[in-house]
Amino acid sequence: MRVENVVVANYSEDWAKEFEKIKTDILKKISADIIRIEHVGSTSVEGLCAKPIIDIDIVIEDYSKFEAVKSGLASLGYEYEGDLGITEREAFSYEIDQKNQFMEHHIYVCPKHSVELNRHVTFRDHLRNNQPDCQKYGEIKRAAAKKFPTDIEGYLDMKGVVISEIYQRCGLLK
């Protein structure tokens, strides 16, 4: 079991601002090689509580652009971690220290036709436009964080039931 403190915070308007700062920094190095940068995950949904970590999907046309993007991200201090078991979603990490100018975030590079990219954007857009599902998701996140404050796997499993229900409603699961 991986031990991680699970902290779910109230929505903060700072999250959108932080995303824009990170996006601007990344675009300085790789704008010519990408289609767009998406703010995904719970911090991208106004009013939704979240673990205060910005999730970012960098969208590329296809893998012909990947090496250029990987090199640009490396020049910014990001380290390539592979797909972490999820096809067509390449993960990047960075060293967290006192010098970081940005809040904690996750970077993923996805081709534009990636199933994972579609899942992220569809789920985000559904929560942005469906208050009952957004509220239900927020409630299960808080309950799961309370029940599993040091067990990220337990937290993920508990909220997974509600995620599956929402996936069905927004067409991600049949």
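Throughout, residue positions are numbered sequentially from 1 according to the sequence presented. A quick note: this is a predicted structure, and the numbers were derived from the prediction, not measured. Note: hydrogens, waters and symmetry copies are ignored here, and every other heavy atom, side chains too, is used.
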- For residues Glu88 and Tyr108, is any side-chain donor paired with an opposing acceptor at under 3.5 Å? no
- Note on the structure: Closest non-hydrogen contact found for Met103 with Ile22 is O-CD1, 4.3 Å
- Does the side chain of Asp25 reach to within under 4.5 Å of the side chain of Leu76, using non-hydrogen atoms? yes
- Lys141 and Glu139 ion-paired at < 4.0 Å: no
- Query: Would you say the side-chain atoms of Glu38 pair up with the backbone N or O of Asp57, donor to acceptor, closer than 3.5 Å?
  - Reply: no
- Keeping the roles fixed (side chain from Ser31, backbone from Lys28), state whether a donor-acceptor pair exists under 3.5 Å. no
- Answer yes if the side chains of Thr43 and His39 hold a donor-acceptor pair under 3.5 Å, and no otherwise. yes
- Heavy-atom closest pair, residues Gly154 and Asp151: N-OD1, 3.0 Å
- Roughly how far, to the nearest 0.5 Å, is CD1 of Ile140 from CD of Gln135? 13.0 Å
- Should Tyr137 and Tyr155 be counted in the same cluster of Ile, Leu, Val, Met, Phe, Trp and Tyr side chains packed under 4.5 Å apart? yes
- Item | Leu117 vs Val40 side-chain heavy atoms within contact, under 4.5 Å | no
- In plain terms, say whether Lys112 and Glu61 are close enough for a salt bridge, that is, a side-chain N and a carboxylate O under 4.0 Å apart. yes
- Message: Could you measure the distance from the CZ atom of Arg119 to the SG atom of Cys170? Nearest 0.5 Å is fine.
- Response: 10.0 Å
- Query: Taking the side chain from Ser71 and the backbone from Glu67, do they hold a donor-acceptor pair closer than 3.5 Å?
  - Reply: no
- Verify the neighbour count for atom CD of Gln168: are there more than 12 heavy atoms of other residues, nucleotides or ligands below 6.0 Å? yes
- How far apart are the closest heavy atoms of Leu48 and Cys134, and which atoms are they? CD1-O, 3.5 Å
- Closest approach of Arg142 to Cys49 (non-hydrogen atoms, all atoms of both residues): NH2-CB, 3.4 Å
- Message: Does Lys21 form a salt bridge (Lys or Arg N to Asp or Glu O under 4.0 Å) with Glu18? I'd like the steps, not just the answer.
- Response: CA-CA 5 Å; Lys21 284 173 32 183; Glu18 284 294 317; 3.0 Å; yes
- Note on the structure: Distance col, row Lys70:NZ vs Asp33:CG, nearest 0.5 angstrom, shows 14.0 Å
- Message: Please determine whether side-chain contact (heavy atoms from CB on, under 4.5 Å) holds for the pair Val109 and Leu73, giving the CA-CA distance in whole Å, both sets of side-chain angles, and the decisive distance to 0.1 Å.
- Response: CA-CA 10 Å; Val109 175; Leu73 290 173; 3.9 Å; yes
- Query: Ser44 side chain to Gly41 main-chain N or O, any donor-acceptor pair under 3.5 Å?
  - Reply: yes
- Message: Is there a path of hydrophobic side-chain contacts, each under 4.5 Å between heavy atoms, that joins Ile152 and Ile86?
- Response: no
- Has the side chain of Asn129 got a donor or acceptor atom that lies under 3.5 Å from a matching backbone atom of Asp125? yes
- Item | Donor-acceptor contact present, side-chain Tyr94 to main-chain His105, <3.5 Å | yes
- Please lay out, stage by stage, how Val59 and Cys110 fare under the test side-chain contact (heavy atoms from CB on, under 4.5 Å). CA-CA 5 Å; Val59 184; Cys110 306; 5.6 Å; no
- Can you find a heavy atom in the side chain of Ile166 that is under 4.5 Å from one in the side chain of Leu127? yes
- Message: When you compare the side chain of Arg128 with that of Glu46, does any pair of heavy atoms fall below 4.5 Å?
- Response: no
- ring-ring contact (aromatic ring centres under 6.0 Å, His included) filter on Tyr80, not counting sequence neighbours, yields Phe66, Phe92
- Answer yes or no: is there a donor N or O on one side and an acceptor on the other, between the side chain of Ser164 and the main chain of Gly160, under 3.5 Å? yes
- Query: Checking Arg89 side chain against Pro111 main chain: does a donor-acceptor pair fall under 3.5 Å?
  - Reply: no
- Query: Do the side chains of Val69 and Ile26 join up, straight or via other hydrophobic residues, at under 4.5 Å, putting them in one cluster?
  - Reply: yes
- Of all the heavy-atom pairs spanning Glu165 and Lys136, show the shortest one and how long it is. OE1-NZ, 2.6 Å
- Could you tell me whether the side chain of Phe123 reaches within less than 4.5 Å of the side chain of Ile163, counting heavy atoms only? yes
- Ile58 vs Ile30, side-chain contact (heavy atoms from CB on, under 4.5 Å): CA-CA, chis, key distance, verdict: CA-CA 10 Å; Ile58 298 172; Ile30 64 171; 4.0 Å; yes
- Message: Just by distance, no angles: are the side chains of Asp133 and His126 close enough, under 3.5 Å, to form a donor-acceptor pair?
- Response: yes
- Item | Phe102 and Phe19 aromatic centres sub-6.0 Å | no
- Item | Joint hydrophobic cluster, Ile107 plus Val121, side-chain heavy atoms closer than 4.5 Å | no
- Query: Any side-chain heavy-atom pair from Pro52 and Trp15 closer than 4.5 angstrom?
  - Reply: yes
- Query: Any link between Ile54 and Ile34 through a network of hydrophobic side chains (Ile, Leu, Val, Met, Phe, Trp, Tyr) touching at under 4.5 Å?
  - Reply: yes
- Query: Taking it one step at a time, do Glu90 and Tyr63 satisfy side-chain contact (heavy atoms from CB on, under 4.5 Å)?
  - Reply: CA-CA 10 Å; Glu90 309 300 326; Tyr63 276 99; 2.7 Å; yes
